[in-house]
There are 2 protein chains.
Amino acid sequence: MNASDHDKSCCEVVADHENLAKELLGGMPPEEDLYDLADFFKVFGDSTRVKILYLLLCSEMCVGHIADTLGMTQSAISHQLRFLKQMKLVSTQREGKTIFYSLADAHIESILSQGYEHIKE
Amino acid sequence: MNASDHDKSCCEVVADHENLAKELLGGMPPEEDLYDLADFFKVFGDSTRVKILYLLLCSEMCVGHIADTLGMTQSAISHQLRFLKQMKLVSTQREGKTIFYSLADAHIESILSQGYEHIKE
DNA sequence: CAAACATATGAGCATCTGCTCATATGTTCA
DNA sequence: TGAACATATGAGCAGATGCTCATATGTTTG
């Protein structure tokens with residue numbers, strides 16, 4: 001069975017099923033935003049990145065320090081930080097040889113804590 | 001360079017670097033919770049699932065109707081709904097042959113909207 | 001019970017992801 | 001300038017992911 005085979009009689013009686021679909025789709029953000037949104041949440045969908053974000057919630061940190069604290073390689077952390085930076089969740093500040101990473105978005109803490117509330121139910 | 005090779009002198013002077021790491025790790029949720037948290041956010045990290053959640057935000061819907069509205073196969077949607085159910089984001093209610101899915105968590109709307117705020121900056 | 005309908009599920013496959021390894025880039029200081 | 005340090009990055013690989021296709025399960029109705 002593919003997308004167009006659904007017998008609409010299963011749901012409440014609706015005069016024009018196609019128009020309802022359009023109406024529902026019209027009520028949500030545009031397609032492109034939904035992709036961006038999914039990409040944004042992908043950031044939080046990996047435990048390494050979540051750990052990094054939690055660390056940065058306490059204070060800004062350099063790459064090597066994050067790697068040490070999490071017991072991971074500098075390379076792995078650096079790759080993830082690049083991703084976090086692309087997604088504008090962290091920002092950097094160079095001081096000599098070292099580069100400090102810090103959170104760049106105010107929503108992060110509340111998003112994390114709301115997710116945490118969910119899994120703790 | 002691996003995790004233990006980092007020369008701690010790059011950061012602020014800290015008396016006992018290892019203890020600081022433990023302290024930072026102690027300030028965040030336990031390892032297992034962080035995995036659960038990442039798994040939770042993984043749900044929002046796919047545009048198909050985000051679309052489903054947005055639809056269910058409007059009203060409960062049956063599988064075939066969701067598939068139709070999104071222009072995807074019944075199978076694809078059913079697989080995703082199973083995942084959403086496992087993660088306790090949706091719940092089901094059978095009425096005869098059809099099964100209605102609805103949101104099962106109050107955090108979903110605010111998590112989605114905070115994510116949306118972020119990408120709209 | 002058999003046919004029709006709604007949904008669920010397992011296998012298979014192409015793509016994506018997150019790591020490692022080696023190496024490059026950039027900075028400081030002797 | 002060259003050595004040491006901090007970070008970035010590209011290639012490659014194993015495992016995860018999201019779909020399709022075929023089929024199974026469950027429900028209603030003739």
Going by the angle between their ring planes, with limits at 30° and 60°, are Phe40(B) and His118(A) parallel, tilted or perpendicular?
parallel
Counting only side-chain heavy atoms from C-beta out, which of [options] sits nearest to [X]?
X: Lys97(B); options: dA6(C), dA8(C), dA8(D); answer: dA6(C)
X: Ile99(B); options: dC19(C), dT7(D), dT7(C); answer: dT7(C)
X: His79(B); options: dA8(C), dT9(D), dT9(C); answer: dT9(C)
X: Ser75(A); options: dG26(D), dT9(D), dC5(D); answer: dT9(D)

If you draw a 6.0 Å radius around CD in Glu32(B), do more than 12 non-hydrogen atoms from other residues or ligands fall strictly inside?
no
[N] phosphate, OP1 or OP2, under 4.0 Å from [X] side-chain N/O:
X: Tyr101(A); N: dA6(D); value: no
X: Arg82(B); N: dG10(C); value: yes
X: Thr73(B); N: dT20(D); value: yes

Starting from the 5' end of DNA chain D, give me the residue, Ala76(A) or Lys42(A), whose nearest nucleotide shows up first.
Ala76(A)
Mind checking what makes salt bridge (Lys or Arg N to Asp or Glu O under 4.0 Å) contact with Glu117(A), not counting sequence neighbours?
none
Using a strict heavy-atom distance below 4.0 Å, which residues from residues 44-57 of chain A are in contact with DNA chain C?
Asp46(A), Thr48(A), Arg49(A)
Report whether Tyr35(B) and Met87(B) are members of the same hydrophobic cluster (ILVMFWY, side-chain heavy atoms less than 4.5 Å apart, transitive linking).
no
Any residue of residues 83-92 of chain B with a heavy atom less than 4.0 Å from an atom of DNA chain D
none
